[in-house]
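Working notes, beginning with the structure itself.
The chains referred to below are lettered A, B, ... by the order of the sequence lines, with proteins before strands, and numbering in each begins at 1.
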Protein chains: 2
Amino acid sequence: MTPRAGGAGPGSRPATIIDVAEAAGVSRQTVTRAMNDMPGIKVATKERVLAAAKELAYRPSRFGRGLVGHTQRTVGLVVDDLMNPYYPQLASAVVSSARDRGWNVILAQTAKAADQYSLIADLAKQADVVIGYPALTDTQAQEVLAGVPFVRIDMGEYTYGGGVEMEVDDAMGDLADHLLERGSQRPVLLDVGLPGFPSARGQSFLTAMADRGVRVPTVTAASKSLSSGVAGGNALLAAHPDVDAIMTFNDIVACGALKALHEAGVDVPGRVRLAGCDGLNLGRFVSPELTTLAVDMNAVAESAVGMALGMYDGEVPLQGVRARVAHHLLVRAST
Amino acid sequence: MTPRAGGAGPGSRPATIIDVAEAAGVSRQTVTRAMNDMPGIKVATKERVLAAAKELAYRPSRFGRGLVGHTQRTVGLVVDDLMNPYYPQLASAVVSSARDRGWNVILAQTAKAADQYSLIADLAKQADVVIGYPALTDTQAQEVLAGVPFVRIDMGEYTYGGGVEMEVDDAMGDLADHLLERGSQRPVLLDVGLPGFPSARGQSFLTAMADRGVRVPTVTAASKSLSSGVAGGNALLAAHPDVDAIMTFNDIVACGALKALHEAGVDVPGRVRLAGCDGLNLGRFVSPELTTLAVDMNAVAESAVGMALGMYDGEVPLQGVRARVAHHLLVRAST
DNA sequence: CTGAAAGCGCTAACAG
DNA sequence: CTGTTAGCGCTTTCAG
């Protein structure tokens, strides 16, 4: 019945420090000293205590411990879906960054959750700070997080909490230069969203090209998925048969477009140059490897974790701080 | 100085239930009732308490809570590296599975850790059960985990704790049939490891083919990485120019081999059929999409989480239990 | 070197 | 409906 995690049979309750103290014939403090490698304990006593602890399968309660020295810190990381290759790169970096600072990471995934509102509310109860991409409005986030320091990644128009922005404009300029230098004359943007409402990064490409005197038509895919990229690629080829370069919303869509190009027998980069965005590792698995606007995820994670921990320590205000991390052009074989 | 997570200035300590009780002019118990939506409290009182709580940026301590009702449960998940596309699929499934049962997941990554021994020791202190792929011997695991229920995924020859096995033999037979039906006469295995020491799944392919009267030569790649797959693919083409089918150690190596085939101008599946193993989503991003021996990660996660939680509840022995999940042939375009 | 006392923040159980 | 009491398991004083 009672949960236990030791060696004896089902039904027995977990051993406490008192059980160990009695078994070893010492006081609780002495058990503490033995378990935590503290000084001021005779070697023989220590061994006796540790033996008793092992015998009873004693494990110090993290709650008892946490209560006394507020030393057990946890960041809650909210991602949409780890199956989307974007998020593991972030999660990996956040976990490393947090670990370097002695924090744990609890992971929450909104995509598969029935009710992400309560998912994040629960997370906020278990974590000391929350980082990530919750699909919540500012108002919702404020309610749900109830004062827990919060850093939104890729904050955009949101304002509640802190944010880490990823800036694409400079790199987009570099990409435009790169494509034009290679002789592109009829580039097309494969954006995601609603036709007529370019994404921020899509608009950035259009602007960069316009600044260079090139007008770029847009084809819009329905979503950020692979299949949507395939469909978008086919639609783009149909609408612009003479296209010679494609900039896509992100690397996933780019992979879809690449598949469409392959199936249509279009050589990349020979006849069409293709670029993605995000700098996913995924881009190295396809042929040709994908040119992309990459962002250093370690820098993003470092920045987000640092900001959140600063908020926790009261050194960074809970509102209004934004960090910025720039994309950079990563030229691979597809352009 | 003191860590805080509320609204007031740096240096103030976090508000406790007592602060709120005093501010609202009620007892602690009433604060508890208000915070936890418990019955037996007048609406007006509740509102007053919640207002005071908000004012003081009060957040109930998870340690105080955890101490009283052992209700806050956490599984520790050990993966090698989230940047490897294999692990996110597992992690995603484990997080979902755990969440369905009301457990949290703390993530630990061994690849980037300086000392994974202490990494896992720390994890075992924060978690009630541990699941994953720790690169630890049985002896090390036993020491480090100190009695925490432990389920190793893809247990193989290890014996400490419980395990979830992934069985590949049946599916490998199906793959052999599939390749032979399509007319393959000179299949080659692209294995990973040391030459002369086939991996379990490599051996399974050799055996399946031998059972069908086909002797399969092996080429061995150095590691399970993409670049190693490229190198292995090139070596394989050099050693067996007339190959007409390749089974690879896993999907990542298969992607590498596919790149090598592409660059060599070898049509897939026209001239060479290519299969991977693991069933990664990644296989759908390349052209042609990769045939693979897939394993249902949700089933693996469900099984591992269920077993670990059963151990925690004392309903499953801490040692010697193994679950099995079978691979299945997933035919896509590359064969 | 060891023990006794006190308290971390919270909630269940029992009064009132 | 509200308050009081007791105790969860641990570590930090402070005495011996």
Would you say the side chain of A:Q29 and the base of C:dA5 hold a donor-acceptor pair, judged only by whether the two atoms sit under 3.5 Å apart? yes
Please tell me if A:R65 has a side-chain N or O lying less than 4.0 Å from either OP1 or OP2 of D:dT11. yes
Note: for A:K42 and B:V31 on DNA chain C, the residue whose nearest nucleotide lies more 5' is A:K42
Taking it one step at a time, do B:E302 and B:R101 satisfy salt bridge (charged side-chain N to carboxylate O under 4.0 Å, His left out)? CA-CA 10 Å; B:E302 197 66 25; B:R101 300 162 192 249; 2.5 Å; yes
Reading DNA chain D from 5' onward, which residue's closest nucleotide shows up sooner: B:K46 or B:G64? B:K46
C:dT11 P sits how many Å from A:K125 NZ, rounded? 11 Å
Show the numbers, then the answer: is there a salt bridge (charged side-chain N to carboxylate O under 4.0 Å, His left out) between B:D138 and B:R152? CA-CA 10 Å; B:D138 277 335; B:R152 208 190 280 258; 3.6 Å; yes
Compare the minimum distances between each of C:dT2, C:dA6, C:dT11 and the side chain of B:R28, then state the nucleotide with the smallest one. C:dT11
Determine the contact category for A:T30: base if any of its heavy atoms lies under 4.0 Å from a base atom, sugar-phosphate if only primed atoms, P, OP1 or OP2 are that close, otherwise nothing. sugar-phosphate
How many angstroms lie between atom CG of B:L56 and atom CD1 of B:I17, to the nearest 0.5 angstrom? 12.5 Å
Under 4.0 angstrom, heavy atoms only, what part of the nucleic acid is B:M38 near: base, sugar-phosphate, or nothing? sugar-phosphate
With sugar-phosphate meaning primed atoms plus P, OP1 and OP2, does B:V26 contact a base, only sugar-phosphate, or nothing at under 4.0 Å between heavy atoms? sugar-phosphate
Examine C:dT2: is either OP1 or OP2 under 4.0 Å from a nitrogen or oxygen in the side chain of A:T45? Give yes or no. yes
Does a side-chain N or O of A:T16 approach OP1 or OP2 of D:dG9 to a distance below 4.0 Å, or not? no
Can you find an N or O donor on one side and an acceptor on the other, under 3.5 Å apart, linking the side chain of A:R62 with the base of D:dG9? no
B:E165 CD: over 12 foreign heavy atoms closer than 6.0 Å: yes
When all nucleic acid strands are considered with a 4.0 Å heavy-atom cut-off, which category describes B:I17: base, sugar-phosphate, or nothing? base
I want to check one thing: is the phosphate of C:dT2, taken as OP1 and OP2, less than 4.0 Å away from some side-chain N or O of A:S27? no
